[in-house]
Undergrad: 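For reference, the structure I am asking about is given below.
The figures that follow rest on heavy atoms only: side chains count, while hydrogens, waters and symmetry mates do not. Order of listing sets the numbers, starting from 1, for every ligand and every atom in it. Count residues from 1 along the sequence.
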Amino acid sequence: MNVRIGQGYDVHAFGEGDHVMLGGIRVPHDRGVLAHSDGDVVLHALCDAMLGALALGDIGAHFPPSDPRWKGAESRTFLRRCDGLLRERGWRVGNADVTVVCEQPKVGPHAPAMRALIAVELGVGVDDISVKATTSERLGFTGRAEGIAALAVCLLVRDGS
Ligand SMILES: Nc1ccn([C@@H]2O[C@H](COP(=O)(O)O)[C@@H](O)[C@H]2O)c(=O)n1
Ligand SMILES: C[C@@]1(CO)OP(=O)(O)OP(=O)(O)OC[C@H]1O
């Protein structure tokens, strides 16, 4: 088989703070998120999609929240390490698509920077990385602005193809 597919999902509750990390980008906001690491739902969902594509478990298995090394960690470290796990096995990301769900902050203006950062970390073209957003029309926990969610899907292709 020359392609594999994976999907990921992550949620973090809002807490005290003045920004959220999304796709490796510091996005100003009147809330932060509660997390062991920097709480970047975009990168966590993407890591889970990448790991899932090769049935390698999930982000918590590779970077346990009980491990002090990951306290306050930049999630781009997780992304880089997940990419390494794929490359060691002869795979790379072909393309990935992430959807962020929140009322605020607005993601659209920051999406190009997120796409560029993710593309650099994964060594792929920016056109292979999509980041988009939706509100949940004020419904549910995202609609009540209690937290932020992200969903990701990614296709893996054989490295070198
Ligand atoms: N956090 C968000 C949410 C939405 N957007 C952009 O707004 C558009 C409209 O959102 P709906 O939920 O009403 O469909 C959406 O398509 C996004 O372009 C955003 O940037 N950030
Ligand atoms: C990223 C890790 C790192 O310890 O912790 P959190 O930042 O809390 O994020 P989560 O999405 O719960 O994933 C689990 C962990 O791998």
Side-chain angles (χ1 to χ4, degrees), residues 6-88 93 95-119 121-122 126-154:
Q7 60 94 29
Y9 173 66
D10 192 39
V11 169
H12 281 281
F14 283 126
E16 296 278 306
D18 61 1
H19 72 278
V20 291
M21 293 303 293
L22 291 174
I25 302 298
R26 184 185 170 102
V27 176
H29 189 43
D30 59 4
R31 308 283 279 153
V33 294
L34 303 175
H36 183 59
S37 69
D38 66 3
D40 189 325
V41 289
V42 169
L43 298 189
H44 295 183
L46 180 54
C47 285
D48 265 355
M50 292 163 61
L51 294 170
L54 290 186
L56 291 176
D58 59 29
I59 186 171
H62 290 268
F63 314 104
S66 53
D67 188 334
R69 272 184 303 167
W70 312 126
K71 187 168 169 52
E74 285 188 354
S75 295
R76 58 194 297 178
T77 304
F78 305 144
L79 184 65
R80 213 174 290 143
R81 288 181 176 232
C82 287
D83 188 53
L85 291 171
L86 307 189
R87 301 254 181 195
E88 280 167 14
V93 169
N95 76 295
D97 183 20
V98 183
T99 300
V100 185
V101 188
C102 59
E103 303 295 318
Q104 295 289 339
K106 287 301 172 205
V107 170
H110 304 281
M114 295 178 202
R115 292 175 59 207
L117 183 144
I118 293 167
E121 291 294 353
L122 298 181
V126 74
D127 289 345
D128 297 321
I129 304 298
S130 162
V131 177
K132 56 198 196 298
T134 185
T135 70
S136 49
E137 302 293 346
R138 303 195 178 194
L139 297 171
F141 72 89
T142 50
R144 291 189 296 271
E146 293 169 1
I148 184 166
L151 306 99
V153 61
C154 81

Undergrad: Give the atom numbers and elements of ligand 2 that come within less than 4.0 Å of a heavy atom of S37.
TA: 1 (C), 6 (P), 7 (O)
Undergrad: Which of the numbered atoms in ligand 2 are under 4.0 angstrom from any heavy atom belonging to F78?
TA: 1 (C), 3 (C)
Undergrad: Show every donor-acceptor pair shorter than 3.5 Å between a side-chain atom in residues 55-69 and any protein atom, with sequence neighbours excluded, or say none if there are none.
TA:
from	atom 1	to	atom 2	distance (Å)
D58	OD1	G60	N	3.2
D58	OD1	A61	N	3.0
H62	NE2	L56	O	2.6
D67	OD1	R69	N	2.8
D67	OD2	R69	NE	3.2
D67	OD2	R69	NH2	2.9

Undergrad: Given the rule in the side chain to side chain contact (heavy atoms under 4.5 Å, CB included) test, do L43 and E121 qualify, once you have shown the distances and angles that lead to the verdict?
TA: CA-CA 11 Å; L43 298 189; E121 291 294 353; over 6 Å; no
Undergrad: Just jot down the ligand 2 atoms closer than 4.0 angstrom to any heavy atom of G60, in number order.
TA: 16 (O)
Undergrad: Give the residues near ligand 1 by chain and number, with the criterion being a heavy-atom distance under 4.0 Å.
TA: C102, E103, P105, K106, V107, G108, A133, T134, T135, E137
Undergrad: Please verify the inter-ring angle class for W70 with F78; under 30° counts as parallel, over 60° as perpendicular, anything in between as tilted.
TA: perpendicular
Undergrad: Check this for me - ligand 2, D38, N or O atoms closer than 3.5 angstrom, yes or no?
TA: no
Undergrad: Which atoms from ligand 2 have a heavy atom of D10 less than 4.0 Å away?
TA: 11 (O)
Undergrad: Give the numbers and elements of all ligand 2 atoms closer than 4.0 Å to a heavy atom of H44.
TA: 1 (C), 7 (O), 9 (O), 10 (P), 11 (O)
Undergrad: Under 4.0 Å from a heavy atom of P64: give me the atoms of ligand 2 that qualify, with their elements.
TA: 4 (O)
Undergrad: So is there a nitrogen or oxygen of I59 less than 3.5 Å from a nitrogen or oxygen in ligand 2?
TA: yes
Undergrad: Do you know which two heavy atoms are closest between L117 and G23, and how far apart they sit?
TA: CD2-O, 3.5 Å
Undergrad: Inspect the contact between R26 and D18 and indicate whether a charged nitrogen and a carboxylate oxygen are less than 4.0 angstrom apart.
TA: yes
Undergrad: Any heavy atom of K71 closer to ligand 2 than 4.0 angstrom?
TA: no
Undergrad: If you count the atoms of ligand 2 from 1 in the order shown, which ones are under 4.0 Å from a heavy atom of F63?
TA: 2 (C), 3 (C), 4 (O), 15 (C), 16 (O)
Undergrad: Is H19 close to H29 at the side-chain level, that is, under 4.5 Å between some pair of heavy atoms?
TA: no
